[in-house]
Number of protein chains: 4
Amino acid sequence: MASAPRKRPAAEPRAGQKLSPRGELKRTQILDAAAEVLAVRGFAGTMLSEIAERAGTQAGSLYYHFASREDLIEEVLRRGVTLTMAHVRAALTELAPETSARDRLAAAIREHVRFQLDVSAYARASARSTGQVPAEMRARINREFRRYGVFLDELIMEAMADGAIDPGVDRSALRMLLIGAANWTTEWFRPDGTSNVDEIADLLVRLMLSGVAKPKPGRRLPKKSKVD
Amino acid sequence: MASAPRKRPAAEPRAGQKLSPRGELKRTQILDAAAEVLAVRGFAGTMLSEIAERAGTQAGSLYYHFASREDLIEEVLRRGVTLTMAHVRAALTELAPETSARDRLAAAIREHVRFQLDVSAYARASARSTGQVPAEMRARINREFRRYGVFLDELIMEAMADGAIDPGVDRSALRMLLIGAANWTTEWFRPDGTSNVDEIADLLVRLMLSGVAKPKPGRRLPKKSKVD
Amino acid sequence: MASAPRKRPAAEPRAGQKLSPRGELKRTQILDAAAEVLAVRGFAGTMLSEIAERAGTQAGSLYYHFASREDLIEEVLRRGVTLTMAHVRAALTELAPETSARDRLAAAIREHVRFQLDVSAYARASARSTGQVPAEMRARINREFRRYGVFLDELIMEAMADGAIDPGVDRSALRMLLIGAANWTTEWFRPDGTSNVDEIADLLVRLMLSGVAKPKPGRRLPKKSKVD
Amino acid sequence: MASAPRKRPAAEPRAGQKLSPRGELKRTQILDAAAEVLAVRGFAGTMLSEIAERAGTQAGSLYYHFASREDLIEEVLRRGVTLTMAHVRAALTELAPETSARDRLAAAIREHVRFQLDVSAYARASARSTGQVPAEMRARINREFRRYGVFLDELIMEAMADGAIDPGVDRSALRMLLIGAANWTTEWFRPDGTSNVDEIADLLVRLMLSGVAKPKPGRRLPKKSKVD
DNA sequence: CATGAATGAGTATTCATTCAT
DNA sequence: TATGAATGAATACTCATTCAT
C-alpha cells in the first residue's frame with residue numbers, strides 16, 4: 001500500500017537490444033564520444049556534458065541510451081579491452097601458420113601498441129582510466145581484463161616453451177611491464193608526426209626480446225675506441 | 001572548480017615561507033596526505049575533504065596553507081618529480097666513480113622504480129595524475145618534468161657514447177617506454193608481498209639492456225655473428 | 001512540471017468524444033492504469049511512464065488521448081468521486097422504499113467504504129491524492145467533490161429531520177470525520193485477507209450511530225432495551 | 001590501488017551530535033521548515049528548494065546538516081510520531097489519577113486531534129506523507145509508528161477490560177478508523193476560524209463512545225434510561 | 001494511432017571556497 | 001591558526017512533453 005520500488009524511466013531501449021538503426025547509430029556516436037573524452041580526461045574528469053556535446057546531443061538524452069554515467073563508461077572500458085584483444089588476435093591469425101611463438105608474441109605487443117595509438121579511442125580510454133574506476137565497476141570489468149591477460153600470458157608461455165624466451169622470467173611481471181610501457185604511450189605520444197607509431201612499437205618489441213644494449217663493450221672486438 | 005577563482009585571498013603565510021614550526025609541520029602533513037590521495041584517486045578524483053581528513057584537519061583549514069586546490073596539487077606533483085630526480089641522482093652519486101655509463105643508467109632505472117613503489121607517495125602521485133592535469137598547470141609543472149627528462153636523457157647519451165647502448169635507438173622513445181613501464185607499475189603492483197619491488201626493477205633493467213629472449217634457438221654459438 | 005505548459009497541441013480525439021472503439025478502449029485502459037498508480041503513489045509521485053507501462057503503451061502515446069499529465073489525472077480524480085457517488089446512490093436506490101433515513105445514511109457510509117476498498121481504484125485514487133493536487137486543478141475538480149458532499153449532507157439532514165441523529169451535531173464536521181475515516185482505510189487496509197471490508201464498514205457505521213462504549217458501567221438497567 | 005568507496009563530504013556534524021548552538025539552531029529551523037512543507041506537499045511533492053527557502057538557507061546548505069533529502073524527511077516523520085505520542089502521553093499524565101480508562105482513551109483521541117491541528121507541523125507532516133514514503137524508509141520509521149499504535153492499543157484494551165468499551169470490537173480496526181478520521185482532518189480543516197478544533201476533537205470522541213444517533217425513533221421505550 | 005527518440009527545464013547532490021569567530 | 005557553517009556553481013539524473021516517422 002505504501003510506495004513500491006521504482007526504477008526505469010519512460011523508454012527502455014537499454015533493456016532490449018533491438019534498436020532501430022537510427023537509435024543504434026546515436027548510441028554508437030555516444031560511445032565513441034565517451035571513449036574520446038575518457039581517453040583524455042580519465043574516469044573522474046569525464047563529464048556527461050562533454051560527451052553529449054561531442055556526440056551532438058543533450059546531456060539528458062544520454063539517458064535514453066544508457067542507464068547511468070557509470071553504465072556508459074563501463075561499456076566503453078569493456079569495449080576497450082575487448083576490441084584490443086580482438087585486434088591483436090586477428091593480427092595473429094593473419095600470420096603465416098609456421099610463424100614462431102617468439103614472433104607471434106612480438107606481433108602481439110606490436111599490434112597492441114599500434115591499435116592503441118593509431119586506431120582506437122576505446123583502447124586509449126581503457127588504458128588511461130581503468131586505474132581510477134570505483135571498485136564495484138572494477139570488479140565487473142575485470143573479467144575482460146583478465147581474459148586479455150591470460151591471452152597474452154599464453155603467448156608468453158608458448159614462447160618460453162619454444163625456447164625463445166627465458167623461462168626463468170616472472171611472466172606476470174614481464175607482461176605488466178610490457179603492457180605498462182604500451183599503455184603509457186598514450187600519455188606522451190604526439191599524433192602530430194613527431195612520434196612514429198611503428199618505431200615505438202618496434203622499439204618495445206626489441207626491448208622485450210633483446211634490449212638495446214650492444215654486446216658488452218670493452219670485451220669482444222675493438223670497440224674500445226670510445227673510452228669517453 | 002566551483003565558485004569564481006580568485007588569487008591568494010586568505011591569510012598570508014603562503015607569501016613568506018617562514019612559518020612557525022607548527023605551521024610548517026601541518027603544511028607538510030597536508031602535502032603528504034595530498035600525495036597519498038592523488039596517488040590513488042588521480043587528479044580529478046582527489047577531494048580536499050579526503051586530504052583534510054587524512055591530515056587531521058578540516059577542508060576549510062587547508063586554505064590557510066594553500067591558496068587553492070590547484071596550488072596544493074601542483075606542489076605535490078612538482079615534489080613528485082623533484083624528489084624522484086633527487087633520489088635517483090643521489091643513488092648515482094653513491095656508485096663507485098668508475099661505474100660504467102651503462103651501469104649508471106641501469107641504476108637510475110632501478111632506483112626510479114624502487115623510489116616510486118617503495119618510498120614516495122609523491123612519486124606515485126606524479127606518475128598517476130600528471131596525465132589528467134589541466135593544461136595551465138601542466139605548463140607550469142613542465143619545467144621539473146623536462147629537467148628530469150633531460151637528466152635521464154643524458155644518462156642514455158652517455159651510455160650510447162660509451163658504446164653500451166645502440167646509438168641508433170630513438171632516445172626519447174626509449175626513455176618514455178622505460179619511464180612508462182616504471183610508472184605503470186603503480187597500477188598493478190601489490191604491496192602485499194605478492195609482487196617484489198627489486199625483481200620488478202631488475203626485470204625492467206634487463207628489458208632495457210638485453211631483453212628476455214634466449215639466443216636464437218637452434219643456432220648454437222654464432223653469438224658473435226650478430227655484429228649488427 | 002517541466003517544459004512550458006501548453007494547451008491541447010496533439011492530435012484531436014480529445015476534442016470530439018467520438019473515438020473509434022479501439023481508441024476508446026485504450027483510453028479507458030490508460031485511465032484505469034492511472035487510477036491504480038495514483039491510488040498508490042499519490043499525485044506528485046505518479047509518473048506517466050508507470051501509467052504507460054501498466055496500460056501497455058509508451059509514455060509518449062498518452063498524449064494522443066490526453067492533453068497533459070494534469071488532464072489525465074484530473075479525469076481520474078473526477079471519476080473517482082463521480083463513480084463513488086453513483087455507486088452509493090445506486091445502492092440507496094435498491095433499498096426498500098420504506099427504509100428509514102437512518103438506515104439510508106448507514107448504507108451510504110457502508111457503501112462508500114466498500115466501493116473504495118473493494119471495487120474502485122478510481123475511488124482510492126481520489127481519496128489518496130486529492131490532498132496534494134495543485135490549487136488550480138483543485139478548483140476545477142471541486143464541483144464534483146462538493147456535489148458528493150451535498151449528497152451526503154442531505155442524507156444526514158434527513159436523518160436529523162427524522163429524529164435519528166442528534167440535530168445538534170455539526171453536520172459538516174460529522175461528514176468529514178466519517179469520510180476521513182473511510183478514506184484513510186486505503187492507507188492501512190490489507191487486501192490480503194487480514195482485514196475484512198465488511199467488518200470495517202460496519203464498524204464505521206456503528207461508530208457513527210452508537211459508538212463502541214458499553215452503557216455506563218455500574219448502572220445495570222435496561223440493557224436489553226437495545227433490541228437492534 | 002584502485003579507488004575505494006567514498007562518502008561523507010567535507011564536514012560531518014551529522015555524525016556527532018555535538019553542534020554549536022548556532023548549528024543546532026539552523027538544524028532545527030530546517031527541520032521545522034521541512035515539516036511545514038511536508039505537511040502541505042506530501043513526500044513526493046516536497047522540494048529541498050522550498051524547505052531551504054523557508055529555512056532561510058540555500059538548498060546546498062541543507063547537506064551540511066543532513067546527509068540527504070531522505071534523511072531529513074525521515075527525521076521529520078519520525079519526530080512527527082514521537083512528538084504526538086509524547087504529547088498525548090503527557091496529557092494523560094496530567095489527568096486525575098482516578099480517571100477512568102474510558103476517559104483516558106477519550107482524552108488521548110482528543111489530544112491527538114488537537115496536537116495535529118493546533119500545534120505541530122511535524123504531526124501533520126507524518127499524518128499526510130507517511131503513506132507515500134518509499135518502502136525502505138517506511139521500514140525504518142515503522143518502529144515509531146508501531147510504538148504509538150501499541151500505546152493506543154493499550155488504552156483501548158484497558159477501556160475494554162474496564163467494561164467501558166465493547167470487547168467484541170476489532171481493536172485494530174477501531175484504532176485505525178479513529179486515527180484515520182483524526183489524520184484526515186488535516187485535509188479539510190480550515191485554520192481560519194471556520195472550523196473549531198475542540199469541537200472536532202469532541203465530536204470524534206463522541207463518535208467513538210456513543211455515536212450521534214438518537215435512540216431509535218418511533219419506538220417509545222427506555223428513552224429516559226439514558227440520563228446522559 | 002503509436003512509438004522511438006530526443007529535449008530541456010528542473011531536482012538532488014557534490015565540493016571547492018569563503019569567512020566570522 | 002583553525003574550524004564550524006555556509007555558499008553557489010557545477011553535475012548527474014529525472015520526467016513531462018514533443019514530433020518525425
Side-chain angles (χ1 to χ4, degrees), chain A residues 6 8-13 18-20 22-23 25-27 47-50 52 57-70, chain B residues 1-6 9-13 19-20 22-23 26 46-50 52 57-65 67-70 72, chain C residues 1-6 9-11 13 19-20 22-23 26 46-50 52 57-65 67-70 72, chain D residues 6 8-13 18-20 22-23 25-27 46-50 52 57-65 67-70 72:
Chain A
R6 315 195 198 158
R8 180 149 316 177
E12 62 184 294
K18 49 214 162 145
L19 284 176
S20 79
R22 181 152 161 248
L25 174 62
K26 180 55 86 183
R27 197 183 134 92
M47 296 175 336
L48 292 190
S49 54
E50 192 174 352
T57 333
Q58 222 68 26
S61 305
L62 301 182
Y63 287 81
Y64 182 76
H65 301 276
F66 301 90
S68 70
R69 188 190 109 124
E70 294 223 339
Chain B
M1 209 158 258
S3 294
R6 219 189 307 175
E12 76 213 83
L19 287 174
S20 77
R22 179 143 165 256
K26 181 53 88 182
T46 290
M47 297 177 329
L48 292 190
S49 53
E50 193 176 352
T57 332
Q58 220 69 25
S61 307
L62 302 181
Y63 286 81
Y64 184 79
H65 302 277
S68 70
R69 188 192 113 127
E70 293 224 339
L72 167 55
Chain C
M1 209 158 256
S3 294
R6 220 190 304 177
L19 287 174
S20 76
R22 178 141 166 259
K26 181 53 88 183
T46 290
M47 296 178 331
L48 292 191
S49 53
E50 193 176 352
T57 331
Q58 219 69 24
S61 307
L62 301 182
Y63 286 80
Y64 184 80
H65 302 278
S68 70
R69 180 188 171 231
E70 295 224 337
L72 167 55
Chain D
R6 316 192 195 162
R8 181 147 316 177
E12 61 184 294
K18 47 206 162 146
L19 284 176
S20 78
R22 179 150 162 249
L25 173 62
K26 180 56 88 184
R27 197 184 133 91
T46 291
M47 295 176 335
L48 292 190
S49 54
E50 192 175 353
T57 335
Q58 223 67 25
S61 306
L62 301 182
Y63 286 82
Y64 182 76
H65 301 277
S68 69
R69 188 191 108 122
E70 294 224 338
L72 167 54

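This is a predicted model, so every value here is computed, not measured. Order of the sequence lines fixes the chain letters, A, B, ..., with proteins taken first and strands second; residue numbering starts at 1 for each chain.
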### Earlier contact from the 5' end, DNA chain E, for Gly60(A) and Gly60(C)
Gly60(C)

### Query
For the side chain of Lys26(A), counting heavy atoms from C-beta on, which of dA2(E), dT14(E), dA6(E) is nearest?
dA6(E)

### Value in whole Å for how far the C1' atom of dG8(F) lies from CG of Leu62(D)
13 Å

### Query
What integer distance in Å separates Tyr64(C):OH from dC1(E):P?
5 Å

### Query
If you pin Thr57(C) and Ser61(B) to their nearest nucleotides in DNA chain E, which one's is more 5'?
Thr57(C)

### Query
Picking from dA12(F), dG4(F), dT18(E), which would you name as closest to the side chain of Tyr63(A)?
dA12(F)

### Query
What closest approach, in Å, do Ala59(A) and Ser49(A) show between heavy atoms, and which atom pair accounts for it?
CB-CA, 4.4 Å

### Task
Round to a whole Å and report the spacing from CZ of Arg69(D) to P of dT14(F).
14 Å

### Shortest non-hydrogen contact between Lys26(C) and His65(C), atoms and distance
CG-NE2, 3.5 Å

### Message
Between Arg69(C) and Thr46(C), is there a side-chain heavy-atom distance shorter than 4.5 Å?
### Response
yes

### Query
Can you give the dot-bracket line for DNA chain E, where a pair is Watson-Crick or G-U wobble with both atom distances under 3.5 Å, crossing pairs use [ ], and | marks a partner on another strand?
.||||||||||||||||||||

### Message
Side chain of Leu48(B) only, heavy atoms from C-beta on: which candidate in dA5(F), dA16(E), dA6(E) is closest?
### Response
dA16(E)

#### Entry: Closest listed nucleotide, where the reference is the side chain of Gln58(B) and the choices are dT7(E), dC1(E), dT3(F)
dT3(F)

### Query
Taking only side-chain nitrogens and oxygens of His65(D), does any of them come within less than 4.0 Å of OP1 or OP2 of dG4(F)?
no

## Note on the structure
Separation between OG (Ser61(A)) and OH (Tyr64(A)), nearest 0.5 Å, reads 11.0 Å

### Query
In terms of the nearest nucleotide of DNA chain F, which residue is placed more toward the 5' end: Glu70(C) or Met47(A)?
Met47(A)

### Query
Between Leu48(C) and Leu72(C), what is the shortest heavy-atom contact and its length?
CD2-CD2, 4.3 Å

